[in-house]
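Labels below follow one simple rule: chain letters A, B, ... track the order of the sequence lines, proteins then strands, and each chain is numbered from 1. None of the values given here were measured: they were computed from a predicted structure.
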Amino acid sequence: MIHLLPNEQILMVLHRHWIAIFWRFLIGAVLLIFALLAIPYFPFLESVLGIPQIALWFFALIYLMAAVLVIFVFWIDYYLDIWIITSERIIDIDQKGLFNREISEFMLERVQDVTIEIPNIMATFLKYGNIIIQTAGEQSFKIEQAPNVYGAKNLILDYAKKQNVRPL
Amino acid sequence: MGFIVALVIYILFLAVYWAVVLSILWHVKQYSMPQDSYKWILWIFLVTIAVLNIISLALFFSLKL
């Protein structure tokens, strides 16, 4: 879990746009459909190979269980990729597979410039894009395939401005 | 004898399967945000997995080994 600083508030939690998981889910759907397509051939397979239909059903089910698990892992990889915009900082949590995780963060007071990039026609229609944040003295930070890019950009700039005019 | 071997392989498969499922749930518990609105999708996965497991158990014990 994220430990917030004193007086720190979570302003926005961003997941990637659903299009980021769509193609993976499509692969999962194809895996599931393979099993369903094989079902009508079970009587034929029983007569040719001599394997009882109940055993074929059992193996089809094991295959389905594995396919559902693969889709579940795809989902969790998407679900745990999060950007958290708080009143003090931006936290980027990058889930890479099941046991590999990368967390980076920087303070809003270091934000110098925020750029929005709508990379293609699909991004235009589905309303997602990339947010590129330039920070003082460091390389740029990119939030890819984020929904609500304009809201996020305004929020970052507003709070970055507040951080920079805070009295000492 | 054939039944025992099949049972051991099946139990091993289920053990590995549930180890992965439980590790996913552990990740969700540890790292998901409390106000997240996507948690219902996890329930769909869990119910599907549980139903498929129960049917596979029933089919396994119906196999003539």
Side-chain angles (χ1 to χ4, degrees), chain A residues 1-4 9-16 18 21 25 28 32 35 42 46 50-86 91 93-103 147, chain B:
Chain A
M1 276 307 297
I2 300 300
H3 296 286
L4 297 176
Q9 288 174 296
I10 293 177
L11 304 173
M12 189 184 261
V13 176
L14 283 173
H15 287 276
R16 276 186 208 277
W18 58 262
I21 187 84
F25 263 27
L32 294 178
F42 283 178
E46 186 181 25
I51 303 170
Q53 274 200 50
I54 196 151
L56 293 170
W57 276 100
F58 175 73
F59 288 122
L61 214 74
I62 294 292
Y63 171 82
L64 277 179
M65 282 169 68
V68 169
L69 193 63
V70 167
I71 300 171
F72 198 14
V73 172
F74 283 164
W75 165 254
I76 214 68
D77 190 38
Y78 164 83
Y79 178 69
L80 295 179
D81 255 2
I82 314 174
W83 295 284
I84 304 166
I85 303 170
T86 76
I91 304 160
I93 304 169
D94 193 7
Q95 186 74 31
K96 296 170 175 174
L98 204 52
F99 291 100
N100 187 356
R101 229 170 128 72
E102 205 174 275
I103 302 173
Chain B
M1 186 64 189
F3 176 76
I4 302 290
V5 173
L7 185 66
V8 168
I9 293 170
Y10 182 54
I11 287 172
L12 280 175
F13 168 77
L14 286 185
V16 172
Y17 193 87
W18 279 99
V20 176
V21 172
L22 291 177
S23 71
I24 290 173
L25 292 181
W26 180 83
H27 275 77
V28 171
K29 189 170 176 279
Q30 285 294 115
Y31 302 125
S32 67
M33 300 298 291
Q35 70 270 40
D36 219 315
S37 57
Y38 287 115
K39 279 190 177 154
W40 60 272
I41 296 177
L42 294 170
W43 282 106
I44 291 177
F45 275 115
L46 286 179
V47 170
T48 309
I49 284 169
V51 168
L52 289 175
N53 258 262
I54 291 165
I55 300 171
S56 83
L57 270 170
L59 281 176
F60 179 80
F61 287 106
S62 311
L63 289 173
K64 293 185 180 87
L65 294 167

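Interface summary for chain B: among Ile82(A), Ile62(A), Leu64(A), the most heavy-atom pairs under 4.5 angstrom belong to Ile62(A). Among Leu69(A), Val68(A), Ile10(A), Ile76(A), the residue with the largest count of heavy-atom pairs under 4.5 Å with chain B is Leu69(A). Each of Val20(B), Ile44(B), Val21(B), Ile41(B) has some count of heavy-atom pairs under 4.5 Å with chain A, and the biggest count is that of Ile41(B).
Inter-residue side-chain proximity for Thr48(B) and Phe72(A) is flagged as unmet; no heavy-atom pair is nearer than 4.5 Å.
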- Task: Output, in order, the C-alpha distance, side-chain angles, deciding distance and verdict of ring-ring contact (aromatic ring centres under 6.0 Å, His included) for Phe58(A) and Tyr10(B).
- Result: CA-CA 11 Å; Phe58(A) 175 73; Tyr10(B) 182 54; 5.4 Å; yes

- Task: For the pair Tyr79(A) and Leu42(B), evaluate side-chain contact (heavy atoms from CB on, under 4.5 Å) and give the outcome as yes or no after the intermediate values.
- Result: CA-CA 10 Å; Tyr79(A) 178 69; Leu42(B) 294 170; 4.1 Å; yes

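Using a 4.5 Å cut-off between heavy atoms, Val13(A) contacts chain B through its side chain alone, with no backbone atom that close. Neither the backbone nor the side chain of Phe59(A) comes within contact range of chain B, judged by heavy atoms closer than 4.5 Å. Ala66(A) touches chain B through its backbone: at least one of N, CA, C or O sits under 4.5 Å from a heavy atom, while the side chain does not. With a 4.5 angstrom heavy-atom cutoff, Trp75(A) touches chain B only via side-chain atoms.
With rounding to the nearest 0.5 Å, the separation of CG in Leu14(B) from CE in Met65(A) is 5.5 Å. Rounded to the nearest 0.5 angstrom, Ile54(A) CD1 and Ser62(B) OG are separated by 4.0 Å.
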